[in-house]
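Following: one structure in structure tokens, then a few remarks.
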Amino acid sequence: METINKLEVRNLVMQDYLELRTSMIEAYNGIEDAPWKQSEIRKLLSLFPDGQLVVLVDDKVVGCALSIILDQSQIDDNHTYEEITGNYTFSTHNPKGNILYGIDVFIHPKYRGLRLGRRLYEKRKELTEQLNLKSIMFAGRIPNYNKYADQITPKDYIEKVKMKELFDPVLAFQLSNDFHVKKIMKNYLEGDVHSLEYAVLMEWHNIYYDQSPKLINLEKSVVRLGLIQWQMRPLKNLESLFDQAEFFIDAVSGYGSDFALFPEFFIAPLMADYNHLNEADAIRELAKYTEPIYQKFQEFAISYNINIITGSMPHIVDGNLYNSGFLCKRDGSSEIYTKIHITPNEVAHWGMKGGDQIKTFDTDCGKIGIMICYDIEFPELSRIMADQGMQLLFVPFLTDTQNGYTRVKSCAQARAIENECYVVIAGCVGNLPKVNNMDIQYAQAAVLTPSDFAFPNDGIKAQATPNTEMTLIVDVNMDLLKELHQYGSVRVLKDRRHDLYEVVNKQQTKG
């Protein structure tokens with residue numbers, strides 16, 4: 001896979017046309033007359049600009065989803081593509097209708113396998129909810145049917161694709177995106193020899209239909225978190241680590257998680273090959289894996305459409321050894337964070353240095369903070385982050401004993417209360433008998449909350465089974481934090497005595 005620095009899904013504009021046309025020719029096997037004409041795209045944009053979506057990789061259009069609005073009464077079970085589009089004039093578009101009708105989706109073949117089509121479908125679903133439409137409908141092709149037409153009927157073909165006995169790239173994709181089959185239609189698209197002019201009328205229902213429509217591109221009210229409680233185990237090589245990590249990322253993204261959180265130093269099993277070295281040299285050998293791990297996790301973030309917090313790993317900059325991690329965002333961008341407070345053990349055994357940046361990160365789910373393990377025991381850091389608007393604080397940690405874990409968890413609970421935010425902690429479990437200074441671990445991943453009536457009485461939204469490898473998937477309601485800030489039983493952030501004291505980020509005040 002090529003390196004991707006930026007990924008974006010946005011509305012189509014007329015200036016995209018040349019790139020759109022080029023990608024569409026590639027998507028439709030080089031057929032020169034396949035692309036939409038410039039006049040047709042201009043017409044669509046004049047009628048329904050919000051319904052035309054493109055996906056861009058490094059600012060280049062590589063995919064598209066086009067749609068119109070129809071009233072359900074306009075959709076006859078036996079319609080053709082020509083009829084539904086008004087002979088490609090889109091005169092059928094009805095702004096007062098209740099169905100979003102998809103008229104095209106494609107992805108440039110060079111960028112398939114990154115689940116970009118799924119992103120376009122998800123944006124269509126969001127738009128359907130925001131416009132308070134009843135459902136999404138379209139007639140999907142079945143391009144592999146021609147291979148089996150002399151053996152089975154279209155109905156049997158669809159059933160076999162559903163049961164995964166046969167594969168159809170279009171139908172299988174649509175079924176995996178929660179669309180269901182309404183009807184098989186004949187003579188839908190003239191000239192579709194691969195589907196023998198059959199199509200499958202499909203529908204996705206908007207369960208929020210009739211609720212008040214929402215404004216587009218608002219931050220999410222409910223954020224889903226995927227916490228990974230990682231089992232330390234011997235690993236043969238880097239690919240084994242990637243396989244295990246991808247398993248967990250696939251699992252939490254499959255449940256629609258917005259974030260995946262890995263623990264501090266979860267890559268430590270790779271240090272077993274250097275156990276013959278002293279600890280300071282071994283950790284520096286481990287640091288050679290950091291760049292390829294970062295690159296791979298950035299690929300995972302894009303292909304699984306999830307923001308990944310990579311825990312932490314040794315990172316060498318200008319000869320200095322740091323404990324750092326990466327926020328790999330699903331839009332293709334990334335940022336680094338570094339542990340500021342280094343434990344006595346990290347200094348004595350590894351010669352680590354602390355970072356000097358206190359910052360928050362903007363994400364598609366709002367502003368977040370990330371602190372590595374020992375940092376959570378210093379309240380000044382999270383207070384500065386809270387003043388910058390942080391509402392979600394992620395804490396990858398690594399503790400060897402239960403009392404070490406208790407320090408992390410107790411301080412994390414305090415940070416949730418005093419900063420009116422959610423704190424998310426995840427650590428490693430199990431033993432590593434062949435890695436010096438990393439032999440035992442203890443952890444219990446958890447999502448911790450403020451303490452008021454809208455939250456659990458014990459301030460624990462959810463927690464994993466102690467010292468057992470597992471995932472924890474948790475929804476948190478961001479609107480509750482806003483209500484707490486304004487109307488809570490106590491209002492910790494608002495009631496501070498700024499006339500007596502303040503917490504200052506000296507790094508930002510220099511110069």
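Shortest non-hydrogen contact noted between Arg330 and Ser257 is NH1-O, 4.1 Å. Smallest separation of non-hydrogen atoms from Leu392 and Phe259: CD1-CE1, 4.2 Å. Heavy atoms only, all atoms of each residue included: Gln441 and Gly430 are closest at CG-O, 2.9 Å. Pro450 and Ala416 get closest at one heavy-atom pair: CG-O, 3.7 Å. Nearest heavy atom pair, residue Ala443 against residue Val429, reads CB-CG1, 3.8 Å. For the pair Val57 and Leu116, the tightest heavy-atom approach, listed with the atom from each and the gap, is CG2-CD1, 4.2 Å.
Surrounding NZ of Lys164 are at most 12 heavy atoms belonging to other residues, nucleotides or ligands under 6.0 Å away. Shown here is Tyr501, whose OH atom has more than 12 heavy atoms of other residues, nucleotides or ligands within 6.0 Å.
Residues Val170 and Gln174 are in side-chain contact: their nearest non-hydrogen atoms beyond the backbone lie under 4.5 Å apart. Taking 4.5 Å as the limit, some side-chain heavy atom of Arg415 sits within range of a side-chain heavy atom of Cys411.
Of the N and O atoms on the side chains of Glu26 and His108, not one donor lies less than 3.5 Å from an acceptor on the other residue. Remark: the Gln52 side chain and the Asn11 side chain contain no N/O donor-acceptor pair separated by less than 3.5 Å. A donor-acceptor contact closer than 3.5 angstrom is absent between the side chains of Asn419 and Gln391. With hydrogens and angles left out, the side-chain atoms of Ser221 and Asp479 include a donor and acceptor closer than 3.5 Å.
Relative ring orientation between Tyr405 and Phe397 is described as tilted, the plane-to-plane angle lying within the 30° to 60° band. The aromatic rings of Phe179 and Tyr121 stand perpendicular to each other, their planes meeting at an angle above 60°, with 30° marking the opposite boundary. Between Phe361 and Tyr337, the ring planes are perpendicular. Angles over 60° get that label, and only those under 30° would be called parallel.
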Could you pull out all donor-acceptor pairs under 3.5 Å where a side-chain atom in residues 457-466 meets a protein atom, sequence neighbours excluded?
unit_1 : atom_1 : unit_2 : atom_2 : d
Asp458 : OD1    : Ile460 : N      : 3.1
Gln463 : OE1    : Lys409 : NZ     : 3.3
Gln463 : OE1    : Gln444 : NE2    : 3.4

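Partners of Glu469 under the side chain to side chain donor-acceptor pair (under 3.5 Å) rule, at least two apart in sequence or in another chain, are Arg233.
Asn132 places no side-chain N or O within donor-acceptor distance of the main-chain N or O of Tyr209, the cut-off being under 3.5 Å.
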Is there a side-chain hydrogen bond (donor to acceptor under 3.5 Å, both in side chains) between Ser240 and Asn237? Walk through the geometry before answering. CA-CA 5 Å; Ser240 298; Asn237 49 37; 3.1 Å; yes
>> Let's go through Asn307 and Asp364 carefully: what are the C-alpha distance in whole Å and the side-chain angles of both, what is the deciding distance for side-chain hydrogen bond (donor to acceptor under 3.5 Å, both in side chains) to 0.1 Å, and is it a yes or a no?
In response: CA-CA 9 Å; Asn307 301 303; Asp364 53 10; 3.1 Å; yes
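Ionic pairing of Lys6 and Asp58 is not present here: no N-O contact between side-chain nitrogen and carboxylate oxygen is shorter than 4.0 angstrom. Of the charged side-chain nitrogens involved, at least one lies within less than 4.0 Å of a carboxylate oxygen, so that Glu285 and Lys288 count as a salt-bridged pair.
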